[in-house]
Number of protein chains: 2
Amino acid sequence: MSGKSTSSSKTTTKARRSHNRVQPLLDAAAKLFATKGYKETTMRDIGSEIGMLPGSVYYHFKSKQELLLAVYEQAVTGIKTRLLAAIADEQDPWRKLEVAVVTHTETILDQNDYAHVMIGVLPDKAPEIQQELTALRDGYEAILIELIDELPVRKGIDRKLLRLMLLGAINSTQIWYQEGTISPEEIARTFVGYIKDPVAK
Amino acid sequence: MSGKSTSSSKTTTKARRSHNRVQPLLDAAAKLFATKGYKETTMRDIGSEIGMLPGSVYYHFKSKQELLLAVYEQAVTGIKTRLLAAIADEQDPWRKLEVAVVTHTETILDQNDYAHVMIGVLPDKAPEIQQELTALRDGYEAILIELIDELPVRKGIDRKLLRLMLLGAINSTQIWYQEGTISPEEIARTFVGYIKDPVAK
DNA sequence: TCATTAACCAAACAAGTATTTGTTTTTCTA
DNA sequence: TAGAAAAACAAATACTTGTTTGGTTAATGA
């Protein structure tokens with residue numbers, strides 16, 4: 001569940017107003033968390049991004065940590081949906097993984113603030129909701145675990161290490177990637193290729 | 001140069017007293033920056049770690065950022081020395097890389113606070129000294145660039161991407177690594193192996 | 001021995017922090 | 001169109017932050 005739970009009419013889950021600024025708020029928070037970092041972003045920053053006073057944010061979210069949690073939730077939902085849709089048509093395990101990794105890379109590099117937060121803001125930055133954040137991350141990674149489990153690999157290959165290696169490499173692109181040169185898709189394909197086939201001659 | 005530059009006698013670079021607590025200070029800062037993060041660590045935290053008042057820290061370092069810079073400098077010096085010593089005896093390029101990666105991994109995983117800071121605290125956390133921090137990082141990575149340049153690889157391999165992939169994977173171990181299971185050395189060897197030789201069957 | 005000064009303490013400072021409270025405006029609905 | 005709830009403001013709260021200032025102690029070298 002996301003957002004706040006007000007007393008709602010029985011049938012509809014939520015009775016919100018048309019002029020609702022929860023989403024703009026989340027967008028602003030995601031943008032700032034992604035670019036400046038969680039701790040470095042103040043409630044003033046977030047509020048002023050959409051012309052709202054810092055105190056007013058607390059009508060929608062009961063704390064800064066809850067705001068981060070909401071961003072995380074929306075991030076996971078989005079990236080999960082996109083990923084599952086992308087691999088739906090594929091059959092070959094290696095091809096499936098490649099498509100998944102390409103999608104993942106594109107999502108975290110194409111200025112998607114939400115995904116950027118999910119990858120870049122580690123759960124330990126918000127101790128009180130650390131477990132929830134970790135659970136959300138795990139929920140996403142479960143998909144990749146499955147994909148790698150189905151991979152035909154040489155004997156003795158540690159699939160868990162393989163996943164951590166691939167994900168570590170991909171997620172760190174966020175640190176050095178700059179638009180205009182190599183594309184996210186190319187990066188992803190290359191990384192998968194360097195693992196699948198030998199690099200040495 | 002590290003530390004402060006006071007008026008020193010002509011011959012010696014520094015005329016310090018015996019009871020000098022600069023090093024304990026750096027150790028405390030490194031420890032806290034590594035575990036809690038830069039922004040999350042206060043000058044009070046650092047001071048009280050060695051029984052010193054926060055204001056007193058400013059006798060040795062003129063700001064929190066300068067303190068981080070000093071930690072960075074010591075980190076680079078240490079990890080560089082260790083790495084160069086480790087690869088000195090090796091001849092084969094792949095073997096050389098493997099030894100280098102093993103050393104690097106051991107350094108950042110074996111509770112070495114300094115290296116932990118250098119890898120985990122990104123330069124943009126301290127904007128005023130961002131350039132200096134980046135330069136220090138680059139100075140270290142230059143060694144790895146050279147090692148990878150000498151690697152005999154298949155045609156079409158992008159050596160820069162290869163380095164970013166390997167380093168990204170290795171540095172991200174910091175996030176999930178836990179003592180007691182697989183060793184840093186084993187992780188490093190495995191990662192290099194997964195790149196060198198094919199994973200697919 | 002004694003002036004020097006490195007090294008620290010004690011105490012405050014000014015600015016910024018997340019958050020709370022009471023009040024007002026806006027918007028929907030009955 | 002009145003009334004109620006939603007959504008925001010205005011202003012303060014309680015606290016933490018990095019940093020500064022001026023005084024104190026003790027090691028050092030001339």
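Here the structure is a predicted model, which is why all the values come from computation and not from measurement. Here is how names work: the chains are called A, B, and so on, in the same order as the sequence lines, proteins then strands, and each is numbered from 1.
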S.K.: So, are A:E185 and A:R189 salt-bridged, with charged N and O less than 4.0 Å apart?
M.R.: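 So A:E185 pairs with A:R189 through a salt bridge.
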S.K.: Quantify the bending of the helix from C:dT1-D:dA30 to C:dG16-D:dC15 as the angle between its end axes, each fitted on five pairs, to 10°.
M.R.: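 That helix has its two terminal axes inclined by roughly 10°.
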S.K.: Measure OH/B:Y58 against P/D:dG18 and give the value in whole Å, please.
M.R.: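 That distance rounds to 7 Å.
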S.K.: Both B:K62 and A:K39 contact DNA chain D. Which one's nearest nucleotide lies toward the 5' end?
M.R.: A:K39
S.K.: Measure the distance from CD1 on B:I46 to P on D:dT19 and round it to the nearest whole Å.
M.R.: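 About 10 Å, once rounded to whole Å.
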S.K.: Report the distance from atom CG of B:D45 to atom C1' of D:dG18, rounded to the nearest whole Å.
M.R.: 12 Å
S.K.: Write down the distance between CD1 (B:I50) and P (C:dA7), rounded to a whole number of angstrom.
M.R.: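 One finds 12 Å between P of C:dA7 and CD1 of B:I50, rounded.
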S.K.: State whether B:E98 and B:K196 are salt-bridged, where the test is any N-O pair (Lys NZ or Arg NE/NH1/NH2 against Asp/Glu carboxylate O) under 4.0 Å.
M.R.: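 No.
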S.K.: I'd like to know if B:E40 and A:K125 make a salt bridge, using a cut-off of under 4.0 Å between side-chain N and carboxylate O.
M.R.: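 Counted as a salt bridge, because a side-chain N and a carboxylate O are separated by less than 4.0 Å.
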S.K.: Is there a donor N/O on one and an acceptor N/O on the other, under 3.5 Å, for the side chain of A:R44 and the base of C:dG16?
M.R.: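 Result: no qualifying N/O pair found.
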S.K.: Quick one: are B:V121 and B:V71 in side-chain contact, heavy atoms under 4.5 Å?
M.R.: no
S.K.: In whole Å, I'd like the distance from the CD atom of A:Q65 to the C1' atom of C:dT17.
M.R.: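 After rounding, the gap between these two atoms is 14 Å.
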S.K.: Give me the distances for all protein-to-nucleotides 8-10 of chain D N/O pairs that come in under 3.5 Å?
M.R.:
| unit_1 | atom_1 | unit_2 | atom_2 | d |
| --- | --- | --- | --- | --- |
| D:dA8 | OP1 | A:R21 | NE | 2.7 |
| D:dA8 | OP2 | A:H60 | NE2 | 2.4 |
| D:dC9 | OP1 | A:G51 | O | 3.3 |
| D:dC9 | OP2 | A:L53 | N | 2.9 |
| D:dC9 | OP2 | A:S56 | OG | 2.9 |

S.K.: Is the NZ atom of A:K64 crowded by more than 12 outside heavy atoms at less than 6.0 Å?
M.R.: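 Correct, the count exceeds 12.
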S.K.: A:Y194 side chain to B:D158 main-chain N or O, any donor-acceptor pair under 3.5 Å?
M.R.: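 Such a contact is found between A:Y194 side chain and B:D158 backbone.
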S.K.: From CZ of B:F61 over to C1' of D:dT20, roughly how many Å is that when rounded to an integer?
M.R.: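 So the CZ-C1' distance, B:F61 to D:dT20, works out to 18 Å.
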S.K.: Does A:T77 offer a backbone N or O that forms a donor-acceptor pair with the side chain of A:R82 under 3.5 Å?
M.R.: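 Checked: no pair found.
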S.K.: A:T103 versus A:I79: any side-chain heavy-atom pair under 4.5 Å?
M.R.: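 Side chain of A:T103 against side chain of A:I79, heavy atoms only: no contact under 4.5 Å found.
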S.K.: Figure out the NZ/C1' separation between B:K64 and C:dG16, and round it to whole Å.
M.R.: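 The distance from NZ of B:K64 to C1' of C:dG16 comes to 13 Å, rounded to the nearest Å.
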S.K.: Is it true that B:Q74 and B:Q23 share a donor-acceptor pair across their side chains at a distance under 3.5 Å?
M.R.: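 On atom types as modelled, these side chains qualify, holding a pair under 3.5 Å.
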S.K.: Using whole Å, report how far CE of B:M43 lies from C1' of C:dC13.
M.R.: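 Computing the B:M43:CE to C:dC13:C1' distance gives 16 Å.
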